Structures are given as C-alpha cells and as structure tokens.
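Remarks on the structure that follows.
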2 protein chains.
Amino acid sequence: MQFSKSTDYALHALLHLCLSDHGNNIGIKELSATLGVSESYLSKIMSKLRQDGIVRAVPGMNGGYELARSAEQITFLDVIQVIEGRQHLFECSNSKSQQHRLLVETETAEQECPQCIIEAVMDGAEQHLHQYLQEHTIQSVLDEAFKRCDHEANKK
Amino acid sequence: MQFSKSTDYALHALLHLCLSDHGNNIGIKELSATLGVSESYLSKIMSKLRQDGIVRAVPGMNGGYELARSAEQITFLDVIQVIEGRQHLFECSNSKSQQHRLLVETETAEQECPQCIIEAVMDGAEQHLHQYLQEHTIQSVLDEAFKRCDHEANKK
DNA sequence: ATCAATATGGATCTATGATATCCATAATAA
DNA sequence: TTATTATGGATATCATAGATCCATATTGAT
C-alpha cells in the first residue's frame, strides 16, 4: 500500500506554485520541467486540482496555474483525497460471511453488530491518519523547512 | 490507496484461529469456507503468515494452522506489514530534481537538506499510523467486541 | 480578426501489481 | 503405505497506475 506518484507530483507542483513569484501564473512547461514529469501527464493532475478548487487555471498566453486559496488553507489531506480518491482505507469484503455470524453466535445477544470489528479498528486508524494530514498544510511544511534551515545556519 | 483484500483475509483468518477451539489445528478447508475465499488463494496468504512467524502450520492428517504466539502479541501492524510489505507509504521520486535544489537556493545555507520536506511530513503520518496499528492486537479487538456486546445486552 | 500560447478532456497504450487458479511435491498422522 | 494437508512454482486474468497523443476551447497579444 503506497501513495501514488501522482500524489507526489501534485504536492511538489503546489509547493512550486507557492514558492514562485505571486501574481504570475506558472505554465505547465515550467512545472513539468521543474518536476521532471511530462507535460501531458502533469496536466491531468493539475486539472484534477483545479476541479477541486485547489488551483486556478488560465488558458492562453501568459496563462498557467496559481493557488486558488492561501497555502495555509491547503492541507495534505485535501491534496491526497483529490488524487487518491475518498474511498476508505479498508473495506471488509466479508460482512455477510459466516465469519461475522460466528462472532455474534458466541454471544447470547441476538442483535447484529453493525460493523465488522476489524473494519472498526481500521477506520480508527484512518481517522488518526486523516487528522495528522489535516494538520499539515503546504504553508506549514515550508515554515518547518525554513525553521530547520535557519537553525542549521545559526550553528555555523 | 487502499489495503488489499489479502490483508482483509489475513486478519479474518487470524480472528477465526483465535476464536476456534485451542489445541486443534484449523485446516485450510475450514478457513476458506468460513471466509468465503478459495483454498488456493488463502493458502498463499497463510503461507506468508507462517514465514513471518505469526502462525504455525502442520501438514498431514489433522494438520492445519494455529497461532504461533498469543493473540495479545499479534498486532495489526504485524499482519499488515507481512501482507502489504514494508515499503514506506510515500517515496519522493523527485529527490534529485530541480524542485529541491530550488528550495535550498532560496536559503543562503549551502548544506544539503537531507530529506524531501514533503516526504518528511508523510513519514510523520506513517509513524502515527504505525503507532496506532501497533496498539491494536487480535486480542484487543476481541475484547472490544465483547465489551460492546455485553454493553448492548445489559441495556435490554 | 488573426495568431500564438496555453489548458482541457477523450482516447488509447503499456506496465505493474492484485487477485486467483492449477498442479506437482513434501510432510505428517493414522 | 495411504490419505490428508500444506507448500511453492507457474500461469492466467483483471484492474489500476502511469503515460502519451491529439483535437478542441480559451485567452492575450498583434
């Protein structure tokens, strides 16, 4: 289980938009050259980001992309969900099998347990993951990097 | 990004081993019937669990599988890593590109930042996820389920 | 009005990995 | 010795990621 390369590209592209001079659009040519990815492939990814309101796109001369909202308001979770989709991390394919009935039978209670107990744990894991990814934004990662570099510089 | 069905099968299989009478091995026939998965496919999964020391396997008559250690000592992380592998959730495919040099150039410092700042965030996410998955074991999920059912029963 | 530059979306191709099956072999208990 | 069971190799199938090409639409500049 791994995040796709598209997520990698999307995050790096947003970082580049954030770092480059504001007020100017950044074209797909510059983006793809910076990331080392083909224009055609990267443009698909940028298109998804646009559809989800993370970037704005302007066609025509001097067109290109820019952030649609401030970098503080673009979380890692936002980006990941656009690219990877919003399915759950885990879906029990076994809900109607004997496995779960068996669990219920060991109890005298007759009511159905509404959710697979394994799925429940995995959903908990997903929530923790999402919380973390929501606390980290394009801006926060830059702040962190600058802090780190300043600290290094001071040591000299 | 999703966990594979194999992980689903593995977790349910272990749950079944844990619930069934101890002292007896559980054959692949019973397991596959319980989970509703083919014997051939499930046996591959059980084989992986055996290679990693999570279950023991005995061939021959009355053979089958049993837990190799107590259910408290089998974490979700253990099982997931056996099935899904141990690669990182995120690997920056861009470490040598202009993207990162650009970041460094914006600083006067000349030393190299050792890791992609995006990858750093994602590794943090992975650590959080792993911690959670390590705190949940086959046993803990059963305890939780029993507690839940008892609670339901008491309400009647 | 025209042209060049740029983004968009459809179609398509390829590579990879998940899912799944079959079979020959080895190991074990009765 | 035999029936039973697990193991591992080979292979097939399918879905998805990754990637490319092209026709079209949109915009700014001339």
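These figures come from a predicted structure and were not determined experimentally. Protein chains get the first letters and strands the later ones, always in sequence-line order, with residue 1 at the start of each. Below, all heavy atoms of this structure are taken into account, side chains as well, without hydrogens, waters or symmetry copies.
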So, the side chain of B/Q139 versus the backbone of B/S70: is there a donor-acceptor pair under 3.5 Å, distance only? no
Using whole Å, report how far CD1 of B/I45 lies from C1' of C/dA20. 10 Å
Using whole Å, report how far CG of A/L35 lies from P of D/dA19. 12 Å
Side chain to side chain donor-acceptor pair (under 3.5 Å) partners for A/T75, two or more places apart: A/D78
For B/D123, what residues pass the salt bridge (charged side-chain N to carboxylate O under 4.0 Å, His left out) criterion, not counting sequence neighbours? none
Set of side chain to side chain donor-acceptor pair (under 3.5 Å) partners for B/Q51, sequence neighbours left out: none
Hey, could you give me each pair passing ring-ring contact (aromatic ring centres under 6.0 Å, His included) that has a residue in residues 118-137 of chain A? Not counting sequence neighbours. A/H128-B/Y132, A/Y132-A/H136, A/Y132-B/H128
Where do N or O atoms of nucleotides 5-10 of chain C meet protein N or O atoms at under 3.5 Å, pair by pair?
| from | atom 1 | to | atom 2 | distance (Å) |
| --- | --- | --- | --- | --- |
| C/dT6 | O4' | A/G60 | O | 3.2 |
| C/dA7 | OP1 | A/I28 | N | 3.0 |
| C/dA7 | OP2 | A/I28 | N | 3.4 |
| C/dT8 | OP1 | A/R50 | NE | 2.4 |
| C/dT8 | OP2 | A/Y65 | OH | 2.8 |
| C/dG9 | OP1 | A/R50 | NH2 | 3.4 |
| C/dG9 | OP2 | A/S47 | OG | 2.8 |
| C/dG9 | OP2 | A/Q51 | NE2 | 3.4 |
| C/dG9 | N7 | A/K44 | NZ | 3.4 |
| C/dG10 | N7 | A/K44 | NZ | 3.2 |
| C/dG10 | O6 | A/K44 | NZ | 2.3 |

Among residues at least two apart in sequence or on other chains, which ones pass side chain to side chain donor-acceptor pair (under 3.5 Å) with A/N62? none
How many whole angstroms separate atom CD of A/Q2 from atom P of C/dA18? 10 Å
Taking N or O atoms only and anything under 3.5 Å, show me the protein contacts with nucleotides 15-18 of chain D, one pair per line.
| from | atom 1 | to | atom 2 | distance (Å) |
| --- | --- | --- | --- | --- |
| D/dG18 | OP1 | A/K5 | N | 3.0 |
| D/dG18 | OP2 | A/K5 | N | 3.3 |

Applied to residues 25-40 of chain A, the salt bridge (Lys or Arg N to Asp or Glu O under 4.0 Å) test, sequence neighbours excluded, yields none
By side-chain contact (heavy atoms from CB on, under 4.5 Å), which residues pair with A/E135, not counting sequence neighbours? A/Q131
What pairs with B/A57 under side-chain contact (heavy atoms from CB on, under 4.5 Å), at least two apart in sequence or on another chain? B/R50, B/Y65
Taking salt bridge (charged side-chain N to carboxylate O under 4.0 Å, His left out) as the test, write out the residues that go with A/E72, two or more places apart. none
Report the end-to-end axis angle of the helix from C/dA1-D/dT30 to C/dA30-D/dT1; each axis comes from five terminal pairs, and the value is rounded to 10°. 20°
